[in-house]
Amino acid sequence: MSTPPPITFTVVARDGNARAGLLTTRRGVIETPVFMPVGTAGTVKATRFEALESPELDARIILGNTYHLWLRPGIETIKSCGGLHRFIGWDRALLTDSGGFQVWSLGALRKITEEGTEFRSHVDGSLRFLSPEVSMEVQAELGSDIVMAFDECAPADALAEDSRRSMELTARWAQRSRAKFDTLQSEGVDTGRRDDAGALSGAQALFGIVQGGAHLDLRKESLSRTVQIGFDGYAIGGLSVGEEKSVMWDVVGEVAPEMLANQARYLMGVGTPEDLVEGVARGIDMFDCVLPTRNGRTGQAFTSHGKVNVKNAQWALDTRPLDESCGCGVCRRHSRAYLRHLYMSGEMLASVLLTHHNLAFFLDTMRRVRQSIRSGDFMKFRREFTERLSASGD
RNA sequence: UCCGCAGUAGCUCAAUGGCAGAGCACUCGGCUGUUAACCGAGGGGUUGUAGGUUCGAGUCCUACCUGCGGAG
């Protein structure tokens, strides 16, 4: 009985550097380029799983976060409830971030050493230690389908010297992540395998992460060192952390085309609708971002003609939908006036409806991106999509 | 009718006789591997009215107006 590879990636169409592909995980096929909604604490905030599965959204894969789930409810709870999929009631693919991003985002609460990172828990103030080994162990126990290596995300404005030190630490942590991950797989710690039911036999996949800040030479070195270790897919991390947009596209434009052609390329934490299309144009296959969910909760809608700030008084009597050309349930049923009323009243339905629309817009945009690549019209799509975004149809 | 208490931003309230503020509300902005139903900025005033004391009054004095409580 041979074990199938944890993940396979097949490119089915190209248009310039853009590619349409099929990413096959043990929990189903994911058409790429794909946007992955972020579900940090075991929930895509303000969204029901039924909605994520509905044809309208049809999210094939969502994120979970190692650091946050490890702190609360704690890995013992999730393990005893059968792993993350069973715990949250989601049977499609899950990707877990390693906690590496929290090394950066919780800067004031942590201390980095060669061994790992010491965090002061924001939940109860306790001291917690996260390392490549701990992160791999937690992610195995969560049973996610794609595991991310434990990396260090350096500040956007880091000098070359600091970026190098950070990139080299990430490389050593990548090696340790790989080793620990392999051990855990052979020990069968992965709770997502479900051998008993026979429904799933595949193993978890492990992705490596390219770092190096804004320095292209460091990025290239990081890529070659990461590839040398060998992973099931590769991510570009450490972008969209405050740097100029031109810096991000310089890095992506330089790194993405040099990444292995037969494996998935994941641009972590990006981005706006325009960023997604621009990333695809440079050869990226996978994206995740909190923008559709977070901004939905804070009163901002993404539409085909740009951003709509639902809070603005000018919508108070506006009976139009958020986006005339959006077919989502929120746009079919509700006016800007009503959504503004809900937001201004502090009603939780405002978060639910705006998040739904934003996710629908992001996921539909990616559907159209995939189709345009398959039909060879991606460049035309990119131009028209971008022009319309800045046209402001208010 | 008398006694007491209170009148300050749209609302609830601050301000030893020394530059009239806060929270909420409102208006606008931000948010990119979520410490975020969050964060930031802005506009808002004849301090109930009329006098007086004082170098200087939201603050002290007098009268009046309004509200609340008590007595009769």
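Each chain gets a letter, A, B and so on, in the order its sequence line appears, and its residues count up from 1.
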For this session: Would you kindly say whether A:Gln204 and A:Gln185 are connected by a side-chain donor-acceptor distance under 3.5 Å?
Result: yes

When the [atom1] atoms of [M] and [N] are compared, how many Å lie between them, rounded to an integer?
N     : M     : atom1 : result
B:U66 : B:U54 : P     : 32 Å
B:U59 : B:G23 : P     : 25 Å
B:G4  : B:U62 : P     : 10 Å
B:G56 : B:C19 : C1'   : 12 Å
B:C28 : B:C68 : C1'   : 40 Å
B:G45 : B:A22 : C1'   : 15 Å
B:G29 : B:U47 : C1'   : 32 Å
B:G17 : B:G7  : P     : 15 Å

Please tell me whether [X] and [Y] form a close aromatic pair, meaning their ring centres lie under 6.0 Å apart.
X        : Y        : answer
A:Phe362 : A:Phe35  : yes
A:His334 : A:His341 : no
A:Phe119 : A:Phe129 : no

For this session: Can you check whether any acceptor in the base of B:G33 is under 3.5 Å from a donor in the side chain of A:Asp151, or vice versa?
Result: yes

Exercise. If you take atom types as modelled and just measure distance, does the side chain of A:Gln211 reach the base of B:G33 with a donor-acceptor pair under 3.5 Å?
Worked result: yes

Base, sugar-phosphate, or nothing: which does [X] touch, judged by heavy atoms less than 4.0 Å apart?
X        : result
A:Glu243 : nothing
A:Gly296 : nothing
A:Asn65  : sugar-phosphate

Figure out the [atom1]/[atom2] separation between [X] and [N], and round it to whole Å.
X        : N     : atom1 : atom2 : result
A:Lys311 : B:G42 : NZ    : P     : 16 Å
A:Leu276 : B:G33 : CG    : P     : 11 Å
A:Phe287 : B:U34 : CZ    : P     : 17 Å
A:Leu239 : B:G33 : CG    : C1'   : 11 Å
A:Asp288 : B:G33 : CG    : C1'   : 5 Å
A:Lys307 : B:G30 : NZ    : P     : 5 Å
A:Ile284 : B:G33 : CD1   : P     : 15 Å
A:Arg72  : B:U34 : CZ    : C1'   : 13 Å

Could you let me know what [N] is paired to, Watson-Crick or G-U wobble, both distances under 3.5 Å, or none if it's on its own?
N     : answer
B:A36 : none
B:U66 : B:A6
B:G23 : B:C11
B:U1  : B:A71

Nucleotide N/O of nucleotides 35-37 of chain B paired with protein N/O under 3.5 Å:
unit_1	atom_1	unit_2	atom_2	d
B:U35	OP2	A:Ser105	OG	2.6
B:A36	O2'	A:Arg297	NH2	3.2
B:A36	N7	A:Arg294	NH2	2.8
B:A37	OP2	A:Arg297	NE	3.0

Exercise. If you draw the axis of the six-membered ring of A:Phe385, does the NZ or CZ of A:Arg368 fall within 45° of it and under 6.0 Å from the ring centre?
Worked result: no

For this session: Please determine if A:Arg336 forms a cation-pi arrangement with A:Trp315, meaning its NZ or CZ atom is less than 6.0 Å from the six-membered ring centre and no more than 45° off the ring axis.
Result: yes

For nucleotides 22-26 of chain B, give me every protein contact, N/O to N/O, under 3.5 Å, one pair per line with atom names.
none

Problem set entry | Test salt bridge (charged side-chain N to carboxylate O under 4.0 Å, His left out) applied to A:Arg176 and A:Glu115, step by step | CA-CA 10 Å; A:Arg176 284 164 55 188; A:Glu115 182 58 22; 3.7 Å; yes

[Y]/[X] salt bridge by N-O under 4.0 Å criterion:
X        : Y        : answer
A:Arg60  : A:Asp58  : yes
A:Asp364 : A:Arg367 : yes
A:Asp250 : A:Arg219 : no

Exercise. A:Asp124: what forms a side chain to side chain contact (heavy atoms under 4.5 Å, CB included) with it, not counting sequence neighbours?
Worked result: A:Ser121, A:Ser126

Seminar exercise, completed: Heavy-atom nearest nucleotide on RNA chain B taken for A:Gly99 and for A:Asn312; more 5' hit belongs to A:Asn312

Exercise. Does some side-chain heavy atom of A:Leu52 sit less than 4.5 Å from a side-chain heavy atom of A:Thr47?
Worked result: yes

Exercise. Nearest to the side chain of A:Gln300 - B:G33, B:C31, B:U32?
Worked result: B:C31

Seminar exercise, completed: From the candidates B:U34, B:G33, B:U32, the one with an atom nearest any side-chain atom of A:Ile209 is B:G33

